[in-house]
Amino acid sequence: MDTSTPLVELSGVSKRFGGTQALDTVDLELRTGEVHALVGENGAGKSTLGKIVAGLYAPDTGELRVDGEQVSKWDPVRAQRSGVVMIAQELSLVDDLTVLENVFLGVEANTLGVLHRRVAECFETLRALADFDLDASAKVGDLRIADQQKVEIMRALARDARVIVMDEPTSSLTAHETERLHRLIAQLREQGRSIVYVSHFLDAVLEVADTVTIMRDGQRVRTGPVANETKATMVQAMLGRELAVTFPERRPRADASTEPLLVVDGITTETGIEEASLVVRPGEIVGLLGLVGSGRSEIARAIAGADPITAGSITFRGEKCRRWTTRRAIASGLVMVPEDRHAQGLILQRSVRENISLAFLDRFATAGVIRPAAEKKEAGALAEALSMRPPRIGLDIGGLSGGNQQKALLAKWLVGDPAFVILDEPTRGVDIGAKATIYQLVADLADRGVGVLLISSEHEEVLALSSRAYTVSNGRIAGEVDPAVFGVSDLLAHLFSVEQEIGAIA
Amino acid sequence: MTSTTARTTAPRITPAKALAFLRDYAVLILLAALLIVLAIASPSFFTFANLVNIVNQNTPLALIAVAGTFVIISGSFDLSTAAIYAVGSVAAAWVAMETGNVVLGLLAPPVIGLALGVFNGLAVTVLRVHSFLATLASSLIFQAIAVLITGGALIQVSLDGFSELGRGRIGGVFYTVVILIVFVAIMWFVLKGTVFGRHVFAVGGNPDAAQLSGVRVDRTRVMVFALSGLAAGMAAAIGVSRIASGQPQAGAGLEFDAIAAIILGGTSIYGGVGAVWRSVAGVFLIALIGNGFDILGFNPQIKDLVTGAIILAAVGLAAAGIKRR
Amino acid sequence: MTSTTARTTAPRITPAKALAFLRDYAVLILLAALLIVLAIASPSFFTFANLVNIVNQNTPLALIAVAGTFVIISGSFDLSTAAIYAVGSVAAAWVAMETGNVVLGLLAPPVIGLALGVFNGLAVTVLRVHSFLATLASSLIFQAIAVLITGGALIQVSLDGFSELGRGRIGGVFYTVVILIVFVAIMWFVLKGTVFGRHVFAVGGNPDAAQLSGVRVDRTRVMVFALSGLAAGMAAAIGVSRIASGQPQAGAGLEFDAIAAIILGGTSIYGGVGAVWRSVAGVFLIALIGNGFDILGFNPQIKDLVTGAIILAAVGLAAAGIKRR
Amino acid sequence: GDGGSAGAGSEDGYEIAVLLSSSQNGYNQAVAKGVQEMADELDADINLTLLDGQFNADTQLSQMETAGVGDKYDGVVVVPFDGPALAAAFPLGNGIPVTSVLNPIGPDLSEMEPQVEGVVSTVAVPAGEAAAKQAEDVVTYCADLDPCKVVLLVGQLNAPLDVTREESYREVLEAEDNIEIVTTVEGNYDPDQSATTITNVLQSTPDVNVILSNADQQTKGAQIALEDAGIDPSTVYLTGGGGTTESIQNVRDGIWKADYINFPVSMGAAAMEQLYNALTGADVESYVNADEVGEIEPYATKETLDETPDYVGEWEG
Ligand SMILES: Nc1ncnc2c1ncn2[C@@H]1O[C@H](COP(=O)(O)OP(=O)(O)OP(=O)(O)O)[C@@H](O)[C@H]1O
Ligand SMILES: Nc1ncnc2c1ncn2[C@@H]1O[C@H](COP(=O)(O)OP(=O)(O)OP(=O)(O)O)[C@@H](O)[C@H]1O
Ligand SMILES: [Mg+2]
Ligand SMILES: [Mg+2]
């Protein structure tokens, strides 16, 4: 194939959603054997662009050429026939089907419509290619998010596509798995495929991409070889200003004699937590470090009252928590920002305002009647503080970009001035500027004496922000570590060794 | 570049906005269109008496649909409203005749309706079964109770004043019309302006997220079914008072008429989205079609055809407003 | 520590497993229980003749429920099956009488059903409206067509052999029973073993994901409605053949009976989960209750009560198996 | 009646509303036909408007109320779906006369004289009396049989009219020692459903002597059930109600033993005639016995039908 004809070419593409111009006359060329990164702030239009390439959205104006030929009708089926597939930013899998069924959905091996029985080998080949550890017969709905993301990736691979749009494929993966994915991308490039790589991790972009398109406010700022860019130049182009992401100064460890805010003593749950104990003092940021699936989220859920505990106890603000439910937890000032914003966090059909106020409606109500002015004011202020785009709190939250939804999710839990916050993956999908804002926010919370329990697959965040950290493995607290002395790679080595140890006991 | 950027600052009323308006208000647009057509077609239509009659006739259905809006928004179905109506009808007649007390008789249906609604809510939340099946089962049970109370026969109420609620007027307007207006106003406010209403939306939109936000999901569900039962009981009180006799087939079909009106109005069957006014509009859209046929004397055999076509038109109109992808 | 770990390596049949079994097979368990109770209560029950009769009587409903399973799994509703049945009935009678050809008459309903099913599918996908409302509207239209074909009256079929399909037997077994068994077997296989079946699950489980995977979601939906229409037409052919007359009210209520049976069987109303055998079990669970009442001579007025209670028992049994979170 | 008090129609013509309980039903269609025939026959300019009650009490009540306001109509002929419920519409606002077919309007299902102001005439036969007549013939048939096993096949046991019928059946039959009422089942006016339920009953009572049904559609289903069970239907006393062409033929052929004939066309005609009388100020019969409007004896057996070999029935259902 002539490498001078782009595989896919978009010219002058615009897309509008209601009052927002998501894309404004954008051009894009995807070439054989190229990893093309898309970077930009939350709401810049990256996902929209990716979805247009994959046929999920039809552009309002502009042209789409595939192999040099203009296509008029373009939908996911046609796109796949032409070898264009997408890994969506928000997980999009059929929960009730198995891993294998999801991976081959739409491309099932068949004879006259009758399914072939032996497809396990195909799956195995694919699994080996991706080097992912997945059980083919597990129901996808039972998998944790990270594994679901792997299924999404495998689904794209199964299509043997020429163009793969990956919209933040690593948002739930740990460093280790991200590395594997990057190797895989390199392999695919070798085979002459074209990858669109959307990410907020600029280091990763620098590492894997050949070309980068930088977007701002629905417009393309520039496209060029990655070799010509640095992190700083990209940030400058994305935000229109300079920004160096620095972590706020680390909070000191609280004095061991301070009355603890939260004491978790040997809790066990049906979700797989065994005799987990931890302590958080006021003003402390405490990290939970673990590999994917170690049970960090389950510990968080148990503390927040979302899963019942079968043994052990939780003491909050000096009081034993009895019949602990989310409702009681929230009422006494303990809140959790859940990891899955779509499944657990937001009511997508409702407005930003209603989502932000939901958990603390009583603060905006008198005798059960909502005071709309107070609600608007407070929600508006938080949207402003988190620089949400667009800043209109009357919009349905489902229409916001992924990162902006994440900001709204944070706002939702901050509205109640909590005394204790559990943050499970708080920066998933947010842009570099917003990350800085969130880090500052977390530090400010701690400064006000709020206790913070922090979980993140970006171990760097946990290591840099927390005053103390626990390592988690197999649903147990394996030990306590000093985040100040660890680098990310040391930590991984440590976590793997812990994993093996615990495995040996059990 | 500048020429294309100009497009983003286009005039305020864009085709897109017009389409969005169409989508959101399709049912009102059709209602208005129908009103105009009927007013032109027949002088008997746009009279005070006819309009008051239409509202009066449809008060029971509208009450059930308004409360049912909460049920649908919360992501459930209540298929037992007709059965509750039936139980309420025979209970009202029975109580009135046994006690000789008209007020007691007419209070029985709302009270019983509330209780049966709570039963539904508990069945749904405790058994963790989809409300479609749970209320289908409970409606069989309620219906049987209504039959057993009367032995299948009819209970005649021969008490003065029993018909006052359903047929009395105040200044030319039926009490029922006043009751409906007040009920709609209250429910509108409850849904839009109260914590409970917000919780109904949240439970229907994403029950897991609602639970994690400290919303008492089960309690909200029970309350929604209780409200629906209460409304069905109120409707029964009005209905039984109007005809002064209670019988177990009373209200047959009301449950589906109500759900159809709610969805026709534009409340989402998936939950999480909807409004009280929509259901009222849905009820009266269907009512106007019926009234129009009667007034114009069209062949009734094609009424269903026209109703079906108008419903498809309404949804088609709404769909036209939904931009393709 | 070791003591707690021991718990995880417990024997194979744990209470949890028993509960999960309960949840998955509640409808079969109840069906078996009912069979045993009836066999003990009446010697007339467990006879070949009676069992064949039960199957024969319920063939039309079972056909509709089996095809309806696909509709529900794909996340839709088909409320128009009864109306399609009605159109099919009068069309069969009309065609048979006009042409004098029995075969042509009995082929009419499946063909028409298929066409009306496609119409439903297109209405749902083109208008992008929830199938609940779309098929409600289309059922009004179909019903009106049935009335217009006959003028509201009844078409008597006085042709030899017209009743053969519905009442004929082969070796003591009704043709209908054979038809049902074959249809169930094919549909079971189609759902479990074909690409189409897989796509039905995917479309119902997560239409967006299916779309993203390149599944032709709209086409799958149209096919599912076409299948449902076809089955309703087949049911009509059997029904009209049995009574040798076509009338527009034929089949009234079938649509809800079918949906109730499907959901009672355990197919999820939310789509994405279900099985053909479940719907068959659901149909016969309800059928057995009716048969039992008739055979034992119980008061039919409490049949609904018992049916409702048994449905609640079934779902309660299933719920007992769902771990409390 | 007080004659053309409304009189807002054309100077010498009348606008009449015909409220059917359903326009999709053969019986109602036949009534409408009779009304139309009489309207054509009468020497006046009469325009009919058919309204469909959709077998729904509220719908019909609305229609009656709508007809009762304004000056569109001069009179109403109604086939009440639910007579007691329909009474709520009376007195009508505009005071136009109403005639009722098949069922009375008012609380008492067996009272044929007008019960509410505005109803000028009722063309009907009390449900209980008709049922009693059917049951009495069963008693005659059973005289030589002991036991004589009877299955009651009634419409819907949650409908007051059918409950009344069942009570009448039982009252008559239970007085006889030799008669054993096996069971009561619901036929729902549907042949298919009746076939199902009778098939089931035959499993436990294959030696049934009588199937007493209040409607022809149900009897038809019972006949199918008997045939499918290998029982010759003419060996069982089968009876129905309605007088459809098919059932008349069945009685003539000896497959059914009897049928209670309704004359819906004649009833519709009679109702129109009485309404016209009211409108023109002529004498009105406040109760027309529906059994007497037809050409023949309503309680038909092979013998009675043989006397009128040309009679075919007034409707299909
Ligand atoms: N379905 C939709 N409905 C309404 N608005 C939408 C929709 N999809 C995107 N938008 C709007 O279009 C703009 C671009 O969104 P997009 O999702 O492409 O951003 P993004 O660059 O992917 O952001 P992020 O990094 O947060 O994922 C945003 O302002 C968003 O609110
Ligand atoms: N739905 C589920 N059903 C059964 N077990 C589950 C389920 N979800 C998670 N688990 C189990 O619970 C444990 C912890 O899972 P989880 O992935 O939430 O941990 P985590 O450390 O929070 O990981 P992540 O980095 O993905 O947030 C794992 O052993 C996993 O197998
Ligand atoms: Mg995005
Ligand atoms: Mg987690």
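In what follows, chains carry the letters A, B, and so on, assigned in the order in which the sequence lines appear, proteins first and then strands, with residues in each chain numbered from 1.
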- Query: In terms of heavy-atom pairs under 4.5 Å, which option from B:Asp304, B:Val129, B:Ile263, B:Val306 contacts chain C the most?
  - Reply: B:Asp304
Which atom names give the shortest non-hydrogen contact between [X] and [Y], and what distance separates them?
{"X": "B:Ala137", "Y": "C:Ile311", "result": "CB-CG2, 3.7 Å"}
{"X": "C:Gly316", "Y": "B:Leu127", "result": "CA-CD2, 3.6 Å"}
{"X": "B:Leu140", "Y": "C:Gly308", "result": "CD1-N, 3.9 Å"}
{"X": "B:Leu133", "Y": "C:Leu264", "result": "CD2-CA, 3.8 Å"}

Atom group of [X] that falls short of 4.5 Å from chain C, counting heavy atoms:
{"X": "B:Phe142", "value": "neither"}
{"X": "B:Ile269", "value": "side chain"}
{"X": "B:Leu312", "value": "both"}

- Message: Can you tell me if C:Trp277 has over 12 outside heavy atoms packed within less than 6.0 Å of its CH2?
- Response: yes
- Query: Do other residues, nucleotides or ligands put more than 12 heavy atoms under 6.0 Å from the CZ atom of B:Phe256?
  - Reply: yes
- Among C:Ala134, C:Ser139, C:Gly151, which residue forms the greatest number of heavy-atom pairs with chain B at distances under 4.5 Å? C:Gly151
- Task: State the OG1-CD distance between B:Thr307 and C:Gln143, to the nearest 0.5 angstrom.
- Result: 12.5 Å
- Task: For B:Ile259 and C:Phe132, run side-chain contact (heavy atoms from CB on, under 4.5 Å): C-alpha distance rounded to whole Å, both residues' side-chain angles, the deciding distance at 0.1 Å, then the answer.
- Result: CA-CA 10 Å; B:Ile259 294 176; C:Phe132 193 95; 3.5 Å; yes
- Among C:Leu148, C:Ile145, C:Ile141, which one satisfies side-chain contact (heavy atoms from CB on, under 4.5 Å) with B:Ile302? C:Leu148
